[in-house]
Protein chains: 2
Amino acid sequence: MPPATTRSEPRTGSRRSRPQQVAEAIKDWVMERGLQPGDRLPSEAELIDRFAMAKGTIREALRILEAQGLVKSRTGPGGGVFVHQVSEDRAAALLGNYFYFQRLSIDDIYAVRAALEPELAASLAGKLNEGQLAALEGVVARYAEPARDAEEERVQHMDSLRFHALLAELSDNALLRFLIRFTANMLSEVTVTRQLYTPPNPELWESGRDYQARLLAALRSGAGDEARAIMAAHMRSAHRLMRAQEAAVTRRFLPEDGMI
Amino acid sequence: MPPATTRSEPRTGSRRSRPQQVAEAIKDWVMERGLQPGDRLPSEAELIDRFAMAKGTIREALRILEAQGLVKSRTGPGGGVFVHQVSEDRAAALLGNYFYFQRLSIDDIYAVRAALEPELAASLAGKLNEGQLAALEGVVARYAEPARDAEEERVQHMDSLRFHALLAELSDNALLRFLIRFTANMLSEVTVTRQLYTPPNPELWESGRDYQARLLAALRSGAGDEARAIMAAHMRSAHRLMRAQEAAVTRRFLPEDGMI
DNA sequence: CCCAATTTGTTCGTATGTATC
DNA sequence: AGATACATACGAACAAATTGG
């Protein structure tokens, strides 16, 4: 289990609430013994004894750890509190909280995607088996036809992001895997909350489909540099089209009687 | 405030504990009204009334939100629970929890750093004022001399990572800024826990110092492509040296009486 | 199917700590 | 200093969920 968030002692006296202290103590305790996911923590009753604190305090501490995804509780006999591996979904949700107030732009997200995705593509070239390649082709096939309305395009857009998520899943680099899936999610959230893709954009569909087909070919043949280049071009193109679309959406909301 | 983590309804009946439900309800409530950091939530007493639940339950819910960094409580008159902007440190700590069990390798981290850092360098070229450049030079100056022992080298290593963190701080891309600082931190944690840099490595010092000096020159002159190239080379070099060092450390722990 | 044991989950009443006026 | 308003903590009792007989 990771070290407690901050270990610097407050100057005056314990400024942290007791549940926080208990949560950190439990965290340290788990780390010292090298407990692994699935291992059981002392029961609430035992913790009440050990820390000599009220039940409510102990429970609040456990909630803190649970909110971080580090433990999970089950009721009943054989139940208790168990060390839990933080899930990718929870990690992404917690990190997403941070960016909620940061007002990321399309440019910000694409700057990162443009840097990461090509490296992912290069690293996977020649390393995928037929089943994996077939799965990717299956996703691409889901948007073989251009969307007829805004709703269909929304679905296609999500499928397209799923293609990238699926690709990331195949990497054996957990950090890269997480970051690519996270940035793709952030992008879809931004586009959703900003109601992008409102004006149907056949060009986006066409170019995305084309790039992904060429990318799959490069991945199959093991051409790493080519895969990197294709993905880089794909990112540049998608970024450009997205910005154009954003501009179009913005224009939509301007007063109808002329430009500024 | 960001949407509650997962909204899928459990099949049987509410599988989430009441505090979790309350936490999500509060989250939604805050989002609906568009409350901003600093805004006050209803007092515990009011929440007890609204949700018709006991104090303990409400308090556990508030702890969940607090653990995520979304709210903060203050006692006393004028006190209460306040919306709080998730700090970068907390976000990094929460994300770090996820990777604790994922066993990242040096290669994994450098694959990401090698992709992100050059883009950061390129994006900053010509955009920094004299004060910012001077601050960067100040950090570089802290390891102008080669380390004489392992402890000094450890400090220099940390300073070197601080250089990258400082550089990231100057980006106006919050996503890139966070990711670069986070990966640098992860690297220092990995090197610490694995006791890397135990054999002093003057070559690492020399090449790092050289690259950073050339990088600063490129940043000052506004040569974006050059800055990107220098940083890319710096990453490749640091990665290579780090791997060599890891190998050296590993060799150290082999039995002394000969190779395998 | 029910019953009993075990463990977390929830409630209420009361008391204490802390910051503001 | 004292009053006030708020979170914080305690303790005992009760409820719900799960497992095994």
Side-chain angles (χ1 to χ4, degrees), chain A residues 9-27 29-30 35 37-84, chain B residues 9-27 29-30 35 37-84:
Chain A
E9 284 295 323
R11 318 150 204 60
T12 83
S14 150
R15 259 303 152 278
R16 281 196 290 278
S17 66
R18 275 200 252 204
Q20 273 173 335
Q21 293 174 29
V22 172
E24 290 179 18
I26 294 176
K27 223 169 176 173
W29 187 87
V30 167
L35 295 193
D39 290 347
R40 203 190 134 163
L41 267 61
S43 71
E44 280 187 6
E46 287 177 87
L47 291 172
I48 290 168
D49 265 14
R50 284 205 209 181
F51 290 97
M53 284 177 191
K55 181 167 182 163
T57 309
I58 299 294
R59 283 183 59 78
E60 286 180 33
L62 293 174
R63 288 304 190 197
I64 290 172
L65 295 176
E66 196 168 89
Q68 299 177 341
L70 294 169
V71 307
K72 226 171 171 58
S73 322
R74 286 203 308 269
T75 61
V81 183
F82 298 85
V83 178
H84 191 250
Chain B
E9 283 297 322
R11 317 151 203 59
T12 84
S14 152
R15 259 301 155 279
R16 280 195 290 279
S17 67
R18 277 201 252 205
Q20 273 172 336
Q21 293 175 30
V22 172
E24 290 179 17
I26 294 177
K27 223 168 179 174
W29 187 87
V30 167
L35 295 193
D39 290 347
R40 204 190 131 163
L41 267 61
S43 71
E44 277 191 13
E46 287 177 87
L47 291 172
I48 291 168
D49 264 15
R50 283 205 209 185
F51 291 97
M53 283 176 193
K55 215 168 2 193
T57 308
I58 299 294
R59 284 181 60 76
E60 285 181 31
L62 292 174
R63 287 303 189 202
I64 290 172
L65 295 175
E66 196 167 277
Q68 299 178 345
L70 294 169
V71 306
K72 224 169 172 56
S73 331
R74 285 204 307 271
T75 62
V81 184
F82 299 84
V83 178
H84 191 250

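Protein chains get the first letters and strands the later ones, always in sequence-line order, with residue 1 at the start of each. From a predicted model like this one, the values you see are computed outputs, not experimental measurements.
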> Would you say the side chain of A/Gln68 lies within less than 4.5 Å of the side chain of A/Lys27, judging by non-hydrogen atoms?
yes
> Looking only at non-hydrogen atoms, find the nearest pair between B/Leu35 and B/Arg40 and report the distance.
CD1-O, 4.3 Å
> In whole angstrom, give the distance that lies between atom CD1 of A/Ile48 and atom C1' of D/dA9.
13 Å
> Is the distance from OP1 or OP2 of D/dT8 to the nearest side-chain N or O of B/Arg59 less than 4.0 Å?
yes
> Tell me the interatomic distance from B/Gln21, atom CD, to D/dA16, atom P, rounded to whole angstroms.
15 Å
> Within the distance-only criterion (no hydrogens, no angle test), does the side chain of A/Glu46 pair as donor or acceptor with the backbone N or O of A/Ser43 below 3.5 angstrom?
yes
> Indicate the atoms forming the closest heavy-atom contact of B/Val71 with B/Leu62, along with that distance.
CG2-O, 3.9 Å
> Quick check for you: name the first and last nucleotides of DNA chain C, 5' to 3', having an atom under 4.0 Å from a heavy atom of chain B.
C/dT10 to C/dT20
> Want to settle it: does A/Arg18 or A/Pro77 sit nearer the 5' end of DNA chain C, counting the closest nucleotide to each?
A/Pro77
> Closer to the 5' end of DNA chain C via nearest nucleotide, is it A/Glu44 or B/Ala54?
A/Glu44
> Shortest non-hydrogen contact from A/Glu66 to A/Lys72?
OE2-CA, 3.9 Å
> Side-chain N or O of B/Arg63 versus OP1/OP2 of D/dA9: is the shortest distance under 4.0 Å?
yes
> Closest nucleotide of DNA chain D for A/Arg74 versus for A/Met53: which of these residues is on the 5' side?
A/Met53
> Applying the salt bridge (Lys or Arg N to Asp or Glu O under 4.0 Å) criterion to B/Glu44, which one of B/Arg50, B/Arg59, B/Lys55, B/Arg63 satisfies it?
B/Arg59
> Round to a whole Å and report the spacing from CZ of A/Phe51 to P of D/dC10.
13 Å
> What nucleic acid atoms does B/Gly78 come within less than 4.0 Å of, heavy atoms only: base, sugar-phosphate, or nothing?
nothing
> Check the distance between D/dA9's P and A/Ile58's CD1 and give it to me in whole angstrom.
11 Å
> Whole angstrom is fine here: how far is it from CD in B/Glu66 over to P in D/dA7?
12 Å
> For A/Gly56, which contact category applies under a 4.0 Å heavy-atom criterion: base, sugar-phosphate, or nothing?
nothing
> OP1, OP2 of D/dA5 versus side-chain N and O of B/Thr75: anything below 4.0 Å?
no
> Hey, which sits more toward the 5' end of DNA chain D by its nearest nucleotide, B/Ser43 or A/Ala52?
B/Ser43
> For the residue pair A/Ile64 and A/Ala23, what are the closest heavy atoms and their distance?
CG2-CB, 4.0 Å
> Can you check the A/Phe82 CZ to D/dT18 P distance for me, whole Å?
13 Å
